[in-house]
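Just so we're on the same page: letters track the sequence lines, and every chain starts at 1. Computed from a predicted structure; not experimentally measured.
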Number of protein chains: 2
Amino acid sequence: MEGINVKKISEFFKTLGHPVRLTIVLKLLDGKKCVSNLEELIKARQPNISQHLRLLKLNEIVDWKQEGKMRCYFLKNPQVVKEILKLFKRR
Amino acid sequence: MEGINVKKISEFFKTLGHPVRLTIVLKLLDGKKCVSNLEELIKARQPNISQHLRLLKLNEIVDWKQEGKMRCYFLKNPQVVKEILKLFKRR
DNA sequence: CCATAATATTATCATATTCGAATATTTTTA
DNA sequence: TAAAAATATTCGAATATGATAATATTATGG
């Protein structure tokens with residue numbers, strides 16, 4: 001409890017604590033996707049998706065790489081996301 | 001992704017995504033505590049702590065039992081909390 | 001270099017969350 | 001049963017967050 005950065009951890013959870021952001025993360029479990037892919041998969045507008053992606057990036061949940069004219073986002077650690085979701089089911 | 005209740009999962013994370021609530025959860029890892037205990041351990045006022053405990057209860061993260069004149073809160077599944085925190089470190 | 005496709009940023013408004021103060025409720029004990 | 005201790009609830013103001021529209025930026029192909 002002493003060496004623990006409560007602020008950082010709670011921000012991490014807060015980041016996952018929004019339905020659109022969580023949906024993005026779940027979609028990315030299938031593999032990397034560029035913004036326009038996500039736009040088709042999620043009921044949200046492009047600027048909104050970009051805003052959420054920004055937060056996911058800030059919290060080190062996703063990263064991206066440029067591919068042609070598209071920016072493709074992917075999970076930094078898919079395994080951790082999978083296991084967190086598994087734990088949720090046992091909560 | 002189909003059988004997944006995005007709303008419920010994101011609310012679960014959102015609940016953990018507040019520094020005071022996360023602190024409460026971390027304190028409860030040491031064992032059950034009544035509200036006045038938590039009041040001593042956390043820099044927040046009693047009504048505020050009760051408000052956060054209410055959310056933690058609604059999201060099935062904690063439960064309580066009456067002990068004398070005190071209401072003692074405990075984690076419903078400490079093991080899951082421990083493992084989620086462990087995963088955070090590997091994120 | 002220019003046009004365009006793809007994505008990001010900003011400003012703004014609406015809504016949600018949070019905290020404190022005041023008050024209510026509940027439980028126990030005198 | 002009345003008082004006191006412990007906790008919960010309600011309300012309001014301040015702040016934070018979210019979505020949209022409008023605009024800006026960036027990268028690539030021509």
Matching residue for A:His52 among A:Val62, A:Ile24, A:Val25 - test: side chain to side chain contact (heavy atoms under 4.5 Å, CB included): A:Ile24
N/O (side chain, A:Ser36) to phosphate O (OP1/OP2, C:dT7) under 4.0 Å: yes
Residue-phosphate contact under 4.0 Å: A:Tyr73 side-chain N/O, C:dA8 OP1/OP2: yes
Plane angle bin for A:Phe13 and B:Phe13 - parallel if under 30°, tilted between 30 and 60°, otherwise perpendicular: parallel
Per-nucleotide protein contact string for nucleotides 16-29 of chain C, where B marks a base within reach and S marks sugar-phosphate only (heavy atoms under 4.0 Å, - for neither): -SSBBBB----SS-
Atom-to-atom span, NZ of A:Lys43 to C1' of D:dT20 - whole angstrom: 16 Å
Atom-pair distance (NZ on A:Lys65; P on C:dA6), nearest Å: 19 Å
Side-chain hydrophobic cluster, 4.5 Å single linkage: members besides A:Leu58: A:Leu55
Any donor-acceptor pair under 3.5 Å from B:Asp63 side chain to B:Leu75 backbone: no
Spacing of A:Trp64 atom CH2 relative to C:dA8 atom P, expressed in whole Å: 8 Å
Close side-chain approach of B:Phe74 and B:Leu28, heavy atoms under 4.5 Å: no
Rounded distance (Å) that lies between atom P of C:dT7 and atom CD of A:Glu40: 10 Å
Separation of atom CD1 in A:Ile42 from atom P in D:dT20, rounded to whole Å: 13 Å
Gap between atoms CZ and C1', on B:Phe13 and D:dT17 respectively (whole Å): 20 Å
Pairs touching residues 30-39 of chain B that satisfy salt bridge (charged side-chain N to carboxylate O under 4.0 Å, His left out), sequence neighbours left out: B:Lys32-B:Glu67
Value in whole Å for how far the C1' atom of D:dA6 lies from CD of B:Glu39: 9 Å
Length of the line joining A:Lys57:NZ and C:dT7:C1', which is rounded to integer Å: 15 Å
